[in-house]
*Asks:* 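Have a look at the structure that comes next, please.
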Amino acid sequence: CITLATLLLSSAVSAQEPSLPPVQKVRNYLPHMTVPEVRDLLTRSDMVIIPVASLEQHGLHLPIGTDYLNGVERAKLIAQRVDVLVAPILLPGQSPYHMGFEGTITLPSTLIQEVYVEAAKSLMRHGFKRFLILNSHGGNAAITRFIVDRINQETEGIAVDLESVSGPFRPRVSAQAESDPSSPVFDRHGGTSETSNSMYLIPELVDLEVAVPAELTLPPHLEALLPDVLAGDPTALAVLLAEGLKDEATGKGTSAAEMSSTGVWGTRDPKESTMARGRTATESMVTAAVGFIERWNELRPPGTGSR
């Protein structure tokens with residue numbers, strides 16, 4: 001028979017067992033789908049969104065998976081409004097300039113693009129034809145363009161860079177809502193834009209209480225560019241980005257750890273970030289992506305063209 005002691009011991013063990021929040025199934029999200037659900041989606045759509053992300057430091061207050069998580073969440077939101085498969089492939093991207101901070105993982109650009117192209121070929125085998133490549137890490141911009149070109153040049157698939165093609169569909173928003181606050185302060189990686197987006201998309205993972213403004217130490221010739229960058233000079237920005245945030249091995253002195261005390265590349269206080277700003281940016285991006293997808297479907301309905 002079961003004794004009181006046995007019941008109490010069983011209860012104590014159960015109380016100590018770790019638990020996780022329940023996983024909630026998301027529509028059109030490949031990791032959550034069954035084979036019949038993928039087959040059913042293929043009767044309505046041959047499109048796939050593939051985020052190209054990274055695992056890299058984002059200061060003291062944002063998770064290392066910020067780019068991956070935010071990219072996937074945006075893709076999921078798009079897929080709730082229009083039928084398209086969301087297929088995350090890799091967590092890490094190209095981030096050698098963040099390796100001075102623990103937890104960052106970086107991969108060679110050649111390996112990254114090879115994995116994405118091969119993954120796209122797998123999806124083509126099942127009947128998916130059109131690929132929306134969603135770059136969610138600035139350092140992957142060239143890789144993203146190369147993935148798009150390789151799919152178009154080497155396979156039966158058709159690919160576009162989602163950020164580029166959705167631009168004309170982006171709704172107009174006020175400058176204050178888009179870049180709030182309005183005073184010109186250097187504010188890039190891990191700054192108020194990424195923090196605001198994260199507060200909206202992954203709020204449970206943002207810890208603003210530990211956020212502090214970064215102390216930047218840029219090479220003098222790059223420091224001298226900042227007034228022109230803040231004034232909106234596109235040439236100054238292009239020159240800054242050509243040298244800024246580069247692998248320590250290049251000798252440029254511009255890796256994240258060499259320039260920033262916290263890993264954030266900017267001097268604005270992350271505590272100025274707001275969920276409202278993140279919501280505005282996300283809704284604008286999602287609306288633009290949906291607009292492009294719907295227009296592409298009008299111009300080329302699913303199932304048309306060569307297979």
Side-chain angles (χ1 to χ4, degrees), residues 23 26 28-33 38 41 46-58 62-79 84-126 128-155 157-166 189-190 194 197-198 201-202 205 245-247 255-256 263 282 285-286 289:
V23 175
V26 176
N28 293 342
Y29 181 54
L30 183 59
H32 290 180
M33 297 171 74
V38 175
L41 178 60
D46 60 1
M47 278 194 199
V48 185
I49 297 179
I50 301 181
V52 183
S54 71
L55 279 179
E56 62 184 39
Q57 69 83 20
H58 276 77
L62 294 178
I64 288 168
T66 292
D67 290 338
Y68 174 82
L69 295 167
N70 285 351
V72 169
E73 292 305 302
R74 287 193 292 264
K76 288 178 182 176
L77 288 171
I78 294 167
V84 58
L85 182 72
V86 176
I89 305 300
L90 278 176
L91 277 79
Q94 187 180 37
S95 310
Y97 36 84
H98 291 303
M99 285 298 292
F101 291 90
E102 295 83 351
T104 297
I105 294 175
T106 187
L107 297 175
S109 60
T110 52
L111 176 60
I112 295 168
Q113 53 88 15
E114 195 68 34
V115 169
Y116 281 100
V117 171
E118 290 302 317
K121 289 179 182 178
S122 293
L123 291 166
M124 291 174 210
R125 287 272 303 271
H126 303 307
F128 291 99
K129 180 76 171 180
R130 293 180 285 173
F131 296 85
L132 304 136
I133 309 302
L134 171 58
N135 181 27
S136 59
H137 162 52
N140 288 335
I143 295 172
T144 298
R145 289 193 295 271
F146 194 31
I147 293 168
V148 168
D149 191 57
R150 283 199 59 189
I151 291 174
N152 289 332
Q153 298 287 353
E154 301 175 17
T155 78
I158 308 163
V160 296
D161 178 342
L162 183 55
E163 181 177 2
S164 298
V165 297
S166 62
H189 174 79
E194 281 195 299
N197 291 339
S198 300
L201 291 165
I202 50 170
L205 301 180
L245 277 187
K246 297 298 178 286
D247 190 349
S255 71
T282 299
M285 181 271 169
V286 170

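FYI, side chains are in, hydrogens and waters are out, and symmetry mates aren't considered; it's all heavy atoms of this structure. Owing to the predicted nature of the structure, the values given are computational and were not obtained by experimental measurement.
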*Asks:* List for me each residue that meets side chain to side chain contact (heavy atoms under 4.5 Å, CB included) alongside Ala141, sequence neighbours excluded, and say none if there are none.
*Replies:* Asn135, Arg145

*Asks:* Contact between Asp161 and Ile133 at the side-chain level, heavy atoms closer than 4.5 Å - yes or no?
*Replies:* no

*Asks:* Start with the C-alpha distance between Thr106 and His98, add both sets of side-chain angles, then the distance that settles side chain to side chain contact (heavy atoms under 4.5 Å, CB included), and finish with yes or no.
*Replies:* CA-CA 8 Å; Thr106 187; His98 291 303; over 6 Å; no

*Asks:* Suppose we screen for side chain to side chain contact (heavy atoms under 4.5 Å, CB included). Which residues come up paired with Ile158, at least two apart in sequence or across chains?
*Replies:* Lys129, Arg130, Asn152, Trp296, Arg300

*Asks:* If you look at every heavy atom in Pro51 and Ala87, which pair is closest and at what distance?
*Replies:* CD-O, 3.9 Å

*Asks:* For Gln57 versus Ile64, what's the shortest heavy-atom pair and its separation?
*Replies:* CA-CG1, 4.3 Å

*Asks:* Salt bridge (charged side-chain N to carboxylate O under 4.0 Å, His left out) with Lys76: which residues, sequence neighbours excluded?
*Replies:* Glu73

*Asks:* For His58, what residues pass the side-chain hydrogen bond (donor to acceptor under 3.5 Å, both in side chains) criterion, not counting sequence neighbours?
*Replies:* Asp67, Glu194

*Asks:* If we only count heavy atoms from C-beta on, is the Val160 to Leu132 side-chain gap below 4.5 Å?
*Replies:* yes

*Asks:* What residues, two or more places apart in sequence or in another chain, satisfy ring-ring contact (aromatic ring centres under 6.0 Å, His included) together with His137?
*Replies:* none

*Asks:* Applying ring-ring contact (aromatic ring centres under 6.0 Å, His included), can you list everything that pairs with His126, at least two apart in sequence or on another chain?
*Replies:* none

*Asks:* Listed by chain and number, what are the side-chain hydrogen bond (donor to acceptor under 3.5 Å, both in side chains) partners of Thr66, not counting sequence neighbours?
*Replies:* none

*Asks:* With sequence neighbours left out, write down each residue that passes salt bridge (charged side-chain N to carboxylate O under 4.0 Å, His left out) with Glu163, or none if nothing qualifies.
*Replies:* none

*Asks:* For residues 98-116, pull every pair meeting salt bridge (charged side-chain N to carboxylate O under 4.0 Å, His left out), keeping only residues two or more places apart or in separate chains.
*Replies:* Glu114-Arg150

*Asks:* Once ring-ring contact (aromatic ring centres under 6.0 Å, His included) is applied, do any residues pair with Phe146, and if so which ones, sequence neighbours excluded?
*Replies:* none

*Asks:* Considering non-hydrogen atoms only, spot the tightest contact between Ser54 and Ser95 and give its length.
*Replies:* CB-OG, 3.7 Å

*Asks:* Suppose we screen for side-chain hydrogen bond (donor to acceptor under 3.5 Å, both in side chains). Which residues come up paired with Asn28, at least two apart in sequence or across chains?
*Replies:* Asp83

*Asks:* Which atom pair, heavy atoms only, marks the closest approach of Leu69 to Pro63?
*Replies:* CD1-CG, 4.5 Å

*Asks:* Output all residues satisfying side-chain hydrogen bond (donor to acceptor under 3.5 Å, both in side chains) with Ser255, sequence neighbours left out; order by chain, then residue number.
*Replies:* Glu258

